[in-house]
A.B. asks: 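Questions regarding the structure given below will be posed in turn.
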Amino acid sequence: MSTLYSDLALADSLKRAVADMGYENMTPIQAQAIPVVLTGQDVMGAAQTGTGKTAAFSLPLLQRLLKHENASTSPARHPVRALVLLPTRELADQVAQQIKQYAKYTQLRSTVVFGGIDMKPQTAELKKGVEVLVATPGRLLDHIEAKNAVLNQVEYVVLDEADRMLDIGFLPDLQRILSYLPKQRTTLLFSATFSPEIKRLAGSYLQNPVTIEVARPNETASTVEQRFFRVHDDDKRRALRQVLRERGLTQAFVFVNSRLGCARLARSLERDGLKTSALHGDKSQDERLKSLAAFKAGEVELLVCTDVAARGLDIKDVPAVFNYDIPFNAEDYVHRIGRTGRAGASGLAVSFSGGGNDARLVADIEKLIKKKIELEPLDLEADRPRGRINDGRRHWREEGETGDARDALDQPRESREAYRSPRPHRAPAAPRDPFFDRPYEASEGDQPAAWEAAGKAPVARAPSANIRAKRKVAALFKAAEPSN
DNA sequence: AAAAAAC
């Protein structure tokens, strides 16, 4: 069987676009899936990360849209005929851009909708009419309810990262979306990982599906070197820096399990002089896209991220992925390390197994990927003497400052006590304008206030516990952000 | 346990 794009039964307009992108040979998933999707059958496709799944469904999909004109499709109307759903905004953006590339020589229109940004431009695009709509679930439902998107003529639905789309967090939204679609349609599911339960569930959404498994599902790429180090939780940051140095790594994804942990780590690595940006769900969409763009452009060495970045993101030539935290789901491990070693390149995946449940989680991964995992010790260089303050930095927090005191947390637990310094004496703070949160401004001819004349500060009502908690969280995130 | 996805 030929694996050349030029031999495929695709329109010249699509072949030209593929050629423009420099592709000649199909990957195995493409060679197997494209002919099947061209027949219009339902498909469940499993293939390793980084092997071109997007092209595997979008090219034949576009071909079907070109060749099989819908009876109700007039040149004046552009009903949505194909819907592609993804679990994160960045991924939706990426897939939409790829589809635009493939469709650039055709008359087919496409657009993308996702949350976190203004709805109006998306609405305008939808009103103009598109044949292909790429979306994340929440925002799509908004557009459906606002009657901006009419999906009653959808012929093709693609669930990319299908196992994620079918998991408990997404399922309700997904089911609502599917309820707006015609029953008579083609459904395509793709992912690198499928658990047996998800496979069963997926089956209930498909009609006589063709199953395509190019590699064993859940398999990791053989081009990625996988290392697991046993590291004390307090030593992970040093371990990360050491591995970066030893391996001469210029860029890496660094995965962390929580958003706050992500923000904190990004900030502390930034302070270590590493060019870092953070990507997690508590950042504004604008910041998220900027972080990712800076990493793509090579302006940033480390992308410190949560699992928002675990799936699908296709960035060329990222040499390494760190699991600073071991992921809670073994499947996420497969997706995370799939950010490196893409398109046959080599890559390195380094995971730090610390305390808590980590050993158990590593065992889960071993079981899933069916590869023996060796937990190695990591000899840390004594680059930072422990237990004494001799790095010239302060380890307490001055009033009005945030963040520095937490550096003590980077030290081994037993020596933290040494970082506790007596609180420096300071004059009582001047009262602040509670509305603008700044010192009261004195104006010409001001008399000393009554409180000042009496030599005591005014009594302010303490903020409620609720407000204090909110402020505290906001301050933590603010303090934890890299400065730029 | 966490993250993601809508204001």
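Residue numbering restarts at 1 for every chain, and letters A, B, ... go by the order of the sequence lines.
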A.B. asks: Could you give the CD1-to-C1' distance, from A:Ile168 to B:dA3, as a whole number of Å?
C.D. replies: 15 Å

A.B. asks: In terms of side-chain heavy atoms of A:Thr306, which of B:dA6, B:dA4, B:dA2 is nearest?
C.D. replies: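 The nucleotide sitting nearest to the side chain is B:dA4.
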
A.B. asks: Quick one: which of B:dA4, B:dA6, B:dA5 gets closest to the side chain of A:Arg288?
C.D. replies: B:dA5

A.B. asks: Rounded to whole angstroms, how far apart are CG on A:Leu166 and P on B:dA4?
C.D. replies: 19 Å

A.B. asks: Can you tell me how the ring of A:Phe352 sits relative to the ring of A:Phe322, calling it parallel under 30°, perpendicular over 60° and tilted otherwise?
C.D. replies: tilted

A.B. asks: How about A:Tyr333 and A:Phe228: are their ring centres within less than 6.0 Å of each other?
C.D. replies: yes

A.B. asks: So does A:Asn329 reach the base of B:dA2 with its side chain, donor to acceptor, closer than 3.5 Å?
C.D. replies: yes

A.B. asks: Would you please indicate if the ring centroids of A:Phe57 and A:Phe190 are separated by under 6.0 Å?
C.D. replies: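 Yes - the distance between ring centres of A:Phe57 and A:Phe190 falls below the 6.0 Å cut-off.
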
A.B. asks: Side-chain donor-acceptor pair under 3.5 Å between A:Gln48 and A:Thr51, yes or no?
C.D. replies: no

A.B. asks: If you only use heavy atoms from C-beta on, which nucleotide in B:dA4, B:dA1, B:dA6 is closest to the side chain of A:Phe328?
C.D. replies: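 Among B:dA4, B:dA1, B:dA6, the one nearest the side chain of A:Phe328 is B:dA1.
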
A.B. asks: Counting side-chain heavy atoms from CB outward, which of B:dA1, B:dA5, B:dA2 is closest to A:Asn357?
C.D. replies: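 Nucleotide nearest to A:Asn357's side chain: B:dA1.
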
A.B. asks: Given B:dA1, B:dA3, B:dA6, identify the nucleotide with an atom nearest to the side chain of A:Arg89.
C.D. replies: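 Of the candidates, B:dA6 comes closest.
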
A.B. asks: Assign A:Gly356 to base, sugar-phosphate, or nothing according to its heavy-atom contacts below 4.0 angstrom with the strands shown.
C.D. replies: nothing

A.B. asks: Identify whether any heavy atom of A:Gly169 sits under 4.0 Å from a base atom; if not, whether one sits that close to sugar-phosphate; answer base, sugar-phosphate or nothing.
C.D. replies: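 Here A:Gly169 touches the bases of the nucleic acid.
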
A.B. asks: Is any side-chain nitrogen or oxygen of A:Arg259 closer than 4.0 Å to OP1 or OP2 of B:dA4?
C.D. replies: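 Affirmative; the distance criterion is met.
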
A.B. asks: CG of A:Asp160 versus P of B:dA5: gap in Å, rounded?
C.D. replies: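 One finds 15 Å between P of B:dA5 and CG of A:Asp160, rounded.
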
A.B. asks: Compare the minimum distances between each of B:dA4, B:dA6, B:dA2 and the side chain of A:Asp142, then state the nucleotide with the smallest one.
C.D. replies: B:dA6

A.B. asks: Grab the CG-P distance between A:Asp173 and B:dA6 for me, whole Å please.
C.D. replies: 8 Å

A.B. asks: Check the side chains of A:Tyr156 and A:Arg81 for a donor-acceptor pair under 3.5 angstrom, ignoring hydrogens and angles.
C.D. replies: no

A.B. asks: Would you say A:Thr136 places a side-chain N or O within less than 4.0 Å of OP1 or OP2 belonging to B:dA6?
C.D. replies: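 Yes, A:Thr136 has a side-chain N/O under 4.0 Å of OP1/OP2 on B:dA6.
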
A.B. asks: Can you tell me the distance, in whole Å, between the NE2 atom of A:His143 and the C1' atom of B:dA6?
C.D. replies: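 Distance, rounded to whole Å: 10 Å.
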
A.B. asks: Heavy atoms from C-beta onward define the side chain here; which of B:dA2, B:dA5, B:dA4 lies closest to that of A:His280?
C.D. replies: B:dA4

A.B. asks: Mind calculating the distance between CG (A:Asp167) and P (B:dA4) to the nearest angstrom?
C.D. replies: 13 Å

A.B. asks: Find the distance A:Phe170:CZ to B:dA2:P and express it as a whole number of Å.
C.D. replies: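 Spelled out: CZ on A:Phe170 to P on B:dA2 is 17 Å.
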
A.B. asks: Please report, rounded to the nearest Å, how far the P atom of B:dA5 is from the CG atom of A:Leu91.
C.D. replies: 10 Å

